[in-house]
Amino acid sequence: MKTLVLDSLSALQTGAELPADLDFANVTVEPPRDPLHGDMATNAAMVLARQAGMKPRDIAQALAGKLLDDPRIASADVAGPGFLNLRLASAVWLQTIPQAIKQGSAFGRSALGAGRRINVEYVSANPTGPLHVGHTRGAVFGDALASLLSFAGYDVTREYVINDGGSQIDTLARSVYLRYLEAHDRPVSFPDGVYPGDYLIPVGQALKERVGAAYLDQPEDVWLQDIRNFATDEMMALIRSDLALLGIEMDVFFSEKSLYGTGRIEACLEALDQKGLIYQGVLTPPKGKEPEGWEPREQTLFKSTEHGDDVDRPVKKSDGSWTYFAPDIAYHYDKVQRGFDELIDVFGADHGGYVKRMKAAVSALTDGKVPLDIKLCQLVRLFKNGEPFKMSKRAGTFVLLRDVVEQVGPDVTRFVMLTRKNDAPLDFDFAKALEQSRDNPVFYVQYAYARVHSVMAKAGNPADSELAAADTAHLQHPAELALVQKLAEWPRLVELAASHHEPHRIAFYLFDLASEFHSLQHLGKVEPEMRFITGDKALSTARLALIRAVAVVISAGLGILGVTPMKEMR
RNA sequence: GGCCCCGUAGCUCAGCUGGAUAGAGCAGCUGACUUCUAAUCAGCAGGUCGCAGGUUCGAAUCCUGCCGGGGUCACCA
């Protein structure tokens, strides 16, 4: 469509109706906000008016004349200050119906990604316990984003980095050791600084079965390393099973520990050093709020300010050991070396302070060639019957991912988590999630899909081949054409959502599509001649083709979100 | 104090990366079921897009400065 407009503009130039040297970069061709204005609108005349030294309306008039030569353009009207409103022949819209039916689940797939390799890292929760609701949003978001990018033509890798290198794993190991003693009927107490959760009880027992009494009354250096590995494996098994409840499967689990002792962190920092970005220095304390016990320390620093960060960041502590940042740089370096063209990290909002330095690191390592996008997911606020539901580890009101999924099911969990932009907080109300009403968008969309199937069954389940061959010219009612236009938006919407890394747009689109469908279906209740199945065989087939296409798109959209379409809801 | 995110209808939120009269859903009011699922639909009402400037043909959208809410801030990972 846009190329058609641009071609017409060039034609006007060769016809000397427009000056030759014009910049078309700002010309847009988009569906107008108000459909009454037409199907497509272009701002070409207003953008070019100044450059061309002509009145906008004159340019628009000339352009309109040119465009009308094309049979696909039904009308072209100049409006307002110089908008050119285009109305497409309805046949242009209607062809999306057979297209959608023939292409099926492939309808709307895009070549946008051009097979570029993109790595989406998400969840990456510390392997110290089961996933809780806070992790759920990032998990669902990352997974839907990965599916979306894949649908848009990217070669996607889903990745989870296991933070198994840090001191929190020591804490985990000690906690498991206490459970191990407990399994041997030794008296134990759980001081501050260990993980008291019940989920470690079976791990302690499993450890007993594996090593018997070997670690009893032994000092820490005998068992710590072994239990670290054992406990981490157990926790990852737990986390994988939690993810499986949501239908999430990772392609790669990357162990942070695997970077230690292999020279890879050193090599990565060496690469930065060669760019002159590593130095010994002393950081100034944060302004305004000096932390208690601040003292200046000489550390190894990364000059992240060269790549957009606010202050330089330490990669080594004053005692010479790595900060967390160092292996994380090395980890991202590893991703780059694995050949990814683009990287995405999905973090919780509490990691907001981390994005600049991570982007700086990737920018430095790749000379800005590999883009890193970091998506922050804001908090999830839990509600029960409208009452805020506070989560607290101490009070034991710690809501697990498992609890949520078991209560409301994976489909509802996923959809609800995606009905908000990632950077806006999300309210999750258990009562509402379970409610099967229009208040709950999941059911609204599912219901539309189920209704299509119901109608199809009533019509004797006509074959796709028959529907694809339907004479769609019978569809003339405004409500029918509105629905067709909504369907035609789908491919463009996929590209927009993918390029913005915003899967929530899919959810909102599906809601709109379902709304158009429900509206049309309802017309049949008011005006019997508008029912999908009528005495007119050709008309019925055309309408069935239309709603079949609706089902195709809903199915594809829900597929991206990871939600199962339901053929029946009773 | 620095940085990041948010501020749009009574409530919860969209707004297609600058377009025309800013949109949904809930809640409120009016209506629509002997029919392919009323788990639905049609309509009414509801707005200084936090405030003030700037950029231009044109701003909820971009820039600057404020105000308000949240997050975060060296040897934690």
Side-chain angles (χ1 to χ4, degrees), chain A residues 26 28 30-34 36-37 41 43 45-47 49-50 56 79-83 85 126 128 163 165-169 256 282-291 294-297 299 309-311 313-314 316-321 323-325 327-328 348-356 376 378-379 419-427 429 432 435-441 443-444 446-448 450-452 454-459 489 492-493 495-497 499-500 502 504-505 508-509 511-512 515 518-526 528 531-533 547 568-570:
Chain A
N26 291 326
T28 64
E30 289 176 328
R33 193 175 279 167
D34 185 345
L36 287 177
H37 290 122
N43 61 357
M46 288 178 294
V47 173
R50 173 178 282 195
F83 279 102
N85 291 328
N126 284 341
T128 55
N163 294 127
S167 62
Q168 84 279 13
I169 302 298
E256 179 207 340
V282 178
L283 286 174
T284 54
K287 286 170 195 151
K289 181 189 144 194
E290 183 160 328
W294 167 275
E295 50 185 78
R297 260 180 286 255
Q299 296 172 299
D309 203 357
D310 306 308
V311 292
R313 305 291 177 175
K316 269 188 186 178
K317 304 173 192 173
S318 52
D319 66 4
S321 62
T323 63
Y324 173 73
F325 189 36
D328 213 14
D350 54 343
H351 287 64
Y354 203 68
V355 322
K356 278 194 179 179
L376 295 178
Q378 287 292 327
L379 300 176
T419 51
R420 209 106 304 174
K421 276 186 302 207
N422 60 290
D423 47 13
L426 168 72
D427 293 345
D429 191 314
K432 231 167 217 176
E435 199 175 301
Q436 305 198 353
S437 76
R438 56 191 162 266
D439 205 3
N440 186 342
F443 284 92
Y444 189 81
Q446 294 272 34
Y447 183 39
R451 271 182 144 179
V452 172
S454 181
V455 175
M456 287 298 171
K458 192 88 175 179
E489 276 178 37
R492 179 168 179 261
L493 184 110
E495 295 195 346
L496 283 169
S499 56
H500 287 85
E502 291 184 339
H504 77 272
R505 295 193 193 202
F508 281 95
Y509 169 83
F511 187 82
D512 286 347
S515 175
H518 285 309
S519 179
L520 179 61
Q521 162 133 22
H522 190 78
L523 263 186
K525 302 208 177 277
V526 184
R531 293 168 64 77
F532 296 130
I533 304 169
I547 65 171
E568 201 172 294
M569 305 176 75
R570 293 278 177 193

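Here is the naming used below: chain letters follow the sequence lines, and residue numbers restart at 1 for every chain.
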### Summary
A/N85 has its side chain closest, among B/rA20, B/rC76, B/rC41, to B/rA20
### Task
Select base, sugar-phosphate, or nothing to describe what A/A457 touches, counting heavy atoms under 4.0 Å on all strands.
nothing
### Query
Can you check the A/M46 CE to B/rA20 C1' distance for me, whole Å?
8 Å
### Query
Nearest of B/rC5, B/rA32, B/rA77 to any side-chain atom of A/E256?
B/rA77
#### Entry: Separation of atom OH in A/Y324 from atom C1' in B/rC75, rounded to whole Å
17 Å
### Query
For atom P, what is the distance between B/rG54 and B/rC5, given to the nearest Å?
25 Å
### Query
Counting only Watson-Crick or G-U wobble pairs whose two distances fall under 3.5 Å, which nucleotide matches B/rU48?
none
### Query
Looking at the side chain of A/H518, which of B/rA77, B/rU35, B/rU40 is the nearest nucleotide?
B/rU40
### Query
Ignoring hydrogens and angles, are the base of B/rA20 and the side chain of A/N43 linked by a donor-acceptor pair under 3.5 Å?
no
### Task
Quick one: pull up CG in A/D328 and OG1 in A/T323 and give me the separation to the nearest 0.5 Å.
9.5 Å
#### Entry: Atom pair distance, as rounded to whole Å: CG in A/L523 and C1' in B/rA38
15 Å
### Query
Does a side-chain N or O from A/K421 land closer than 4.0 Å to OP1 or OP2 of B/rA14, or not?
yes
### Query
Does A/N440 use its side chain to pair, donor to acceptor, with the backbone of A/K432 at less than 3.5 Å?
yes
### Query
What is the distance, rounded to the nearest whole Å, between atom CG of A/D429 and atom P of B/rA27?
14 Å
### Message
Let's test this: given Watson-Crick or G-U wobble pairing with both distances under 3.5 Å, identify the partner of B/rC3.
### Response
B/rG71
### Task
Let me know the distance between CG of A/L493 and P of B/rG15, rounded to the nearest Å.
11 Å
### Query
Considering only side-chain heavy atoms of A/S167, which listed nucleotide, B/rC41, B/rA77, B/rG19, is closest?
B/rA77
### Query
Expressed in angstrom and rounded to an integer, what is the separation of A/K458 atom NZ from B/rC36 atom P?
5 Å
### Task
Measure from the side-chain heavy atoms of A/F508 and tell me the nearest of B/rC36, B/rC41, B/rC13.
B/rC13
#### Entry: P gap between B/rG25 and B/rU40, integer Å
11 Å
### Pairwise C1' distance for B/rG58 and B/rA22, with rounding to whole Å
15 Å
### Message
Nearest whole Å is fine: how far is B/rC76 C1' from A/Q299 CD?
### Response
13 Å
### Query
What is the base-pairing partner of B/rC41, counting Watson-Crick and G-U wobble geometry with both distances under 3.5 Å?
B/rG31
### Query
Can you check whether A/K317 has a side-chain N or O nearer than 4.0 Å to OP1 or OP2 of B/rA77?
yes
### Message
Checking the side chain of A/Q168 only, and the main-chain atoms of A/N163 only, is there a donor and an acceptor separated by less than 3.5 Å?
### Response
yes
### Query
Sub-3.5 Å donor-acceptor pair from the side chain of A/H500 to the main-chain atoms of A/R505, do we have one?
no
### Query
So which nucleotide from B/rA77, B/rC36, B/rC75 ends up closest to the side chain of A/R297?
B/rC75
### Task
Side chain of A/D310 only, please: which of B/rG25, B/rU40, B/rC3 is the nearest?
B/rC3
## Note on the structure
Closest non-hydrogen contact found for A/R313 with A/F325 is CB-CE2, 3.8 Å
### Message
By the 4.0 Å heavy-atom rule, please label A/G166 as base, sugar-phosphate, or nothing.
### Response
sugar-phosphate
### Query
What interatomic distance, in whole Å, is found between P of B/rC4 and the corresponding atom of B/rC11?
29 Å
### Task
Name the nucleic acid region contacted by A/P296, choosing base, sugar-phosphate or nothing; use a 4.0 angstrom heavy-atom cut-off, strictly under.
nothing
### Message
Can you tell me the base-pairing partner of B/rC62? Count Watson-Crick or G-U wobble geometry only, both distances below 3.5 Å, and say none if there is no partner.
### Response
B/rG54
#### Entry: Closest contact, heavy atoms only, A/R420 versus A/H504
O-CB, 3.6 Å
### Message
What I want to check is whether the side chains of A/S321 and A/D319 have a donor and an acceptor closer together than 3.5 Å.
### Response
yes
### Message
Using the C1' atom as the point on both nucleotides, what is the distance between B/rA52 and B/rA60, in whole Å?
### Response
16 Å
### Task
Examine distances only and state if a side-chain atom of A/S519 and a backbone atom of A/S515 form a donor-acceptor pair shorter than 3.5 Å.
no
### Query
Which part of the nucleic acid, if any, lies within reach of A/A459 when heavy atoms closer than 4.0 Å are counted: base, sugar-phosphate only, or nothing?
nothing
### Query
Counting side-chain heavy atoms from CB outward, which of B/rU12, B/rA77, B/rC16 is closest to A/R492?
B/rC16
## Note on the structure
Among B/rA20, B/rA74, B/rC41, the one nearest any side-chain atom of A/E295 is B/rA74
### Message
If I take atom NZ in residue A/K525 and atom C1' in nucleotide B/rG31, what distance separates them, rounded to the nearest angstrom?
### Response
17 Å
### Message
Need to verify one output field. Residue with the more 5' nearest nucleotide on RNA chain B, A/S519 or A/R505?
### Response
A/R505
### Message
Give me the distance, rounded to whole Å, that separates B/rA74 from B/rG2 when you measure between the C1' atoms they each carry.
### Response
14 Å
### Message
Please give the distance between the C1' atoms of B/rG15 and B/rU8 as a whole number of Å.
### Response
9 Å
#### Entry: Toward the 5' end of RNA chain B, by each residue's nearest nucleotide, A/D427 or A/H351
A/D427
### Task
Rounded to whole angstrom, note down the C1' distance from B/rG53 over to B/rU48.
16 Å
### Task
May I ask you to evaluate whether A/K356 reaches the phosphate of B/rG2, defined as a side-chain N or O under 4.0 Å from OP1 or OP2?
no
### Query
Does B/rA24 pair with anything, Watson-Crick or G-U wobble, both distances under 3.5 Å, and if so, with which nucleotide?
B/rU12
